[in-house]
Structures are given as structure tokens and as C-alpha cells.
Q: 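Just dropping this structure here.
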Amino acid sequence: MQKEINFYKNRVALNVLTNSIPNAIKLYSITEGHIVLGILSADYPSIESAIIDMQKYQLAVNNAISVGLGAGNPKQWKAVAKISQAIQPQHANQVFPAVGYTRASVDNQTTFINTLVSPTGTSGLVKITTGAISKDGVDGIIPIEAAINLIKDMGGNSIKLFPMHGLSTKAEYIAVAKACAKANFALEPTGGIDLNNFEEILQIAVDAGVPKIIPHVYSSIIDKTTGETRSEDVKLLFEIIKKVLA
């Protein structure tokens, strides 16, 4: 199985949710493998059951899976770390305080681990207190440059800016993108991204010079009846990626 994410033009990979192996295979095919398919740890009754099921997805899509928290739920941090340790996925989502633990757990340098930080309302500053305990305490707000350096120290691969609420935090997002570019660091914009704002959000990161970008597009492209991510929407997103990187 492939160990590392397959970035389109070595730059962009899509992150969307999947709820079945047939759906995962279809989305993987549509994007020519330039995707990591999110499977939420919170959707399973136990770590053991998650491991068994996610291994089936790994075999179906060449390990192009992303172990998720579930709406950034910090209480799932250890489940994500333990699942990732067992299955060695291409991608894992994690809250800021748990990144070092997760890197040590997987004991490799190939699993791409993101680091959840949140907007603060002030450009250039991010909130790093996104853990199970820290989220309910005093806010830890630091310059984005300091956050990136700390993430590098912990063995993380990217900033996951969440929740962005689409373009409502545009000024902050631009500042984060510029800082990531300067530090040669990856960025994962997340929250409120849809077919209408996807191109602008991706273009901002590309124009800033961010080396690797993994946009997360979740609820806006999920069929409310079936719970499946719509393949026709993923096709449109991939076409936008090709257009932006043309």
C-alpha cells in the first residue's frame, strides 16, 4: 500500500468524508488518487472496531485514508493516535497538544499529521488550546509563526485551520497562508468550504506560495439522504484543482 499522500502536481490533495467502501473507491478513482478519504474515529464504538473497518478501506483505496476526529472533537485525540499506530494511514487529524504523542505512536515519518489551530479574530494570531482540557481553559493565543515552529518540533506536517467558516475569516486565512509559505509548511483549510468558495480558498493558498495544500470539504457535499459524499461534486472540485494549478 502507498505510504505517502499522492498530491496533484506535488501540491494539492483533497480531503473529503466517505461512509462506504464503494463510495471511497469511486471518489478515489474520480480524483485519480489525489485524495485522502476521511473516516471518523468518533463513528465507531471502539478503537478495535475502527481498526478492523479502516483496514478494509486501506486495501480498497491504496491506503489513501485520513483518520478523523469528528468535527475536531478533542476527546477523540487518543483514539486517532491509537488507530493510526495500528494501521499506519497516509493522513491523520489531530489537536495541537496531541501531535507529538501521535508522531511517537505511529513511529514513522510518512503518516501526514495535521495540527488543529483555530482563528482568533486577529490576523497573524492563532489559538493552540484545542485539546480536551485546554479548550475549556484560558485561551492560548500565539503568533502563527510560533505555532508553526512548535508543530515542527512536535513532528507535525501541517496547520489545520478550523473552523474557518468559509471566507468569513479570509484575512486571518491569508495571514496563515503567507506564514506557511514562508516557513515551507503545509496548510489544511477546513470548515465551511463548499463548491462556491472552494476555488478562492485554494487560489489564496496557491498564490501565497504554500507548498502543500489539503482543503477539507465535508458537509456541503454530502447527500443528506444517503450520507454519502456526492461523487459529482468531488469531480467538480478536482476540476477546480486542475484549473488552479494549470
Q: For R230, check salt bridge (Lys or Arg N to Asp or Glu O under 4.0 Å) against everything at least two apart and list the hits.
A: D233
Q: Should F96 and I141 be counted in the same cluster of Ile, Leu, Val, Met, Phe, Trp and Tyr side chains packed under 4.5 Å apart?
A: no
Q: Show which residues join I214 in its hydrophobic cluster (side-chain heavy-atom contacts under 4.5 Å, direct or indirect), or state none.
A: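 Its cluster partners, ordered by chain and number, are I5, F7, V36, F112.
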Q: May I ask you to check whether over 12 heavy atoms, not counting those of L59, lie within 6.0 Å of atom CG?
A: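 Enclosed.
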Q: Going by the rule salt bridge (Lys or Arg N to Asp or Glu O under 4.0 Å), which residues pair with E200 if we only count those two or more places apart in sequence or in a different chain?
A: K170
Q: Strictly by modelled atom types, are S41 and Q76 linked by a side-chain donor-acceptor pair under 3.5 Å?
A: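 A donor-acceptor contact under 3.5 Å links the two side chains.
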Q: Without swapping roles, check the side chain of T129 against the backbone of G140 for a donor-acceptor pair under 3.5 Å.
A: yes
Q: Between the main-chain N or O of T120 and the side-chain N or O of E172, is there a donor-acceptor pair closer than 3.5 Å?
A: yes
Q: T31 side chain to Y28 main-chain N or O, any donor-acceptor pair under 3.5 Å?
A: yes
Q: Of all the heavy-atom pairs spanning T18 and T229, show the shortest one and how long it is.
A: N-OG1, 4.5 Å
Q: Looking at CD1 of I39 and OG of S20, how far apart are the two atoms once the value is rounded to the nearest 0.5 Å?
A: 10.0 Å
Q: Can you measure from CG (N114) to CG (N157) and round to the nearest 0.5 angstrom?
A: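 That separation rounds to 8.5 Å.
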Q: Under 3.5 Å, is there a donor-acceptor pair between the side chain of Q2 and the main chain of A64?
A: no
Q: Using modelled atom types only, decide if a donor and an acceptor are shared between the side chain of R103 and the backbone of T111 within a distance under 3.5 Å.
A: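 Confirmed, R103 side chain pairs with T111 backbone.
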Q: State, to 0.1 Å, how close P74 and A132 come at their nearest heavy-atom pair, and which atoms those are.
A: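 Nearest pair, atom of P74 first, then A132: CB-N, 3.4 Å.
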Q: For T102 and Q94, test the side chains for any donor-to-acceptor distance below 3.5 angstrom and give the result as yes or no.
A: yes
Q: I'd like to know if the side chain of T130 reaches the main chain of V117, judged simply by a donor and an acceptor atom lying under 3.5 Å from each other, with no hydrogens or angles considered.
A: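 No, because the side chain of T130 does not come within donor-acceptor range (under 3.5 Å) of the backbone of V117.
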Q: Can you spot which of P189, P119, C180 makes a side-chain contact (heavy atoms from CB on, under 4.5 Å) with L161?
A: P119
Q: Checking one residue: I222. Which other hydrophobic residues are in its cluster under the side-chain 4.5 Å linking rule?
A: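 I222 clusters with L17, L40, Y218.
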Q: Distance-only criterion, 3.5 Å: show the donor-acceptor pairs between side-chain atoms of residues 238-246 and protein atoms not counting sequence neighbours.
A:
residue: K242; atom: NZ; partner: E32; partner atom: OE2; Å: 3.4
residue: K243; atom: NZ; partner: E199; partner atom: OE1; Å: 3.4
residue: K243; atom: NZ; partner: E199; partner atom: OE2; Å: 3.0

Q: Carefully, step by step, assess I142 and L150 under the rule side chain to side chain contact (heavy atoms under 4.5 Å, CB included).
A: CA-CA 11 Å; I142 65 172; L150 285 168; 3.9 Å; yes
Q: Donor-acceptor pairs under 3.5 Å, side chain of residues 190-197 to any protein atom, not counting sequence neighbours: which ones?
A:
residue: T190; atom: OG1; partner: E188; partner atom: O; Å: 3.1
residue: D194; atom: OD1; partner: N196; partner atom: N; Å: 2.9
residue: D194; atom: OD1; partner: N197; partner atom: N; Å: 2.9
residue: N197; atom: OD1; partner: D194; partner atom: N; Å: 2.8
residue: N197; atom: ND2; partner: G192; partner atom: O; Å: 3.0

Q: Under the criterion side chain to side chain contact (heavy atoms under 4.5 Å, CB included), I'd like the reasoning laid out for I159 against T115: C-alpha separation, chi angles, the key distance, then a yes or no.
A: CA-CA 5 Å; I159 285 274; T115 311; 5.7 Å; no
Q: Quick one: does any side-chain atom of T122 pair with a main-chain N or O of L125 as donor and acceptor, under 3.5 Å?
A: no
Q: To the closest 0.5 Å, what do you measure between CG (N184) and CD1 (I148)?
A: 10.5 Å
Q: Using salt bridge (Lys or Arg N to Asp or Glu O under 4.0 Å) as the criterion, list what pairs up with K3, not counting sequence neighbours.
A: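 If we apply the salt bridge (Lys or Arg N to Asp or Glu O under 4.0 Å) test to K3, skipping adjacent residues, there are no hits.
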Q: Identify, with sequence neighbours excluded, every residue that meets side chain to side chain contact (heavy atoms under 4.5 Å, CB included) alongside T226.
A: D223, E228
Q: Any luck finding a side-chain donor-acceptor pair between N63 and Q58 under 3.5 Å?
A: yes
Q: Would you mind listing every salt bridge (Lys or Arg N to Asp or Glu O under 4.0 Å) that reaches into residues 123-151, with sequence neighbours excluded?
A: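 Matches after skipping sequence neighbours: K127-D139.
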Q: Test side chain to side chain contact (heavy atoms under 4.5 Å, CB included) on S118 and L116; report intermediate values, then the result.
A: CA-CA 7 Å; S118 298; L116 197 160; 3.8 Å; yes
Q: Indicate yes or no for a side-chain donor-acceptor contact from S84 to the backbone of V80 under 3.5 Å, with no hydrogens or angles considered.
A: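 Present.
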Q: Among residues two or more places apart or on two chains, list those pairs meeting salt bridge (Lys or Arg N to Asp or Glu O under 4.0 Å) that have a residue in residues 149-160.
A: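 Salt bridge (Lys or Arg N to Asp or Glu O under 4.0 Å) check on residues 149-160 returns no pairs.
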Q: Is a donor on one side and an acceptor on the other found under 3.5 Å between the side chain of K26 and the backbone of S231?
A: no
Q: Using 0.5 Å steps for rounding, measure from the CD atom of Q90 to the CD1 atom of I65.
A: 8.5 Å
Q: To the nearest 0.5 Å, how far apart are CG in N6 and CG in N62?
A: 9.0 Å
Q: For the side chain of N93 and the backbone of V67, is there at least one donor-acceptor N/O pair under 3.5 Å apart?
A: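 Yes; judged by distance alone, with no hydrogens or angles, the pair exists.
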Q: Return the CD1 to CD1 distance between I174 and I204, rounded to the nearest 0.5 Å.
A: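 Output value for this atom pair is 4.5 Å.
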Q: Which residue pairs pass the ring pair (Phe, Tyr, Trp, His ring centres under 6.0 Å) test when at least one of the two sits in residues 178-207, sequence neighbours left out?
A: none
Q: When you look at NZ of K178, are more than 12 heavy atoms from neighbouring residues, nucleotides or ligands closer to it than 6.0 Å?
A: no
Q: Which pairs pass ring pair (Phe, Tyr, Trp, His ring centres under 6.0 Å) with one or both residues in residues 62-88, sequence neighbours excluded?
A: W77-Y101
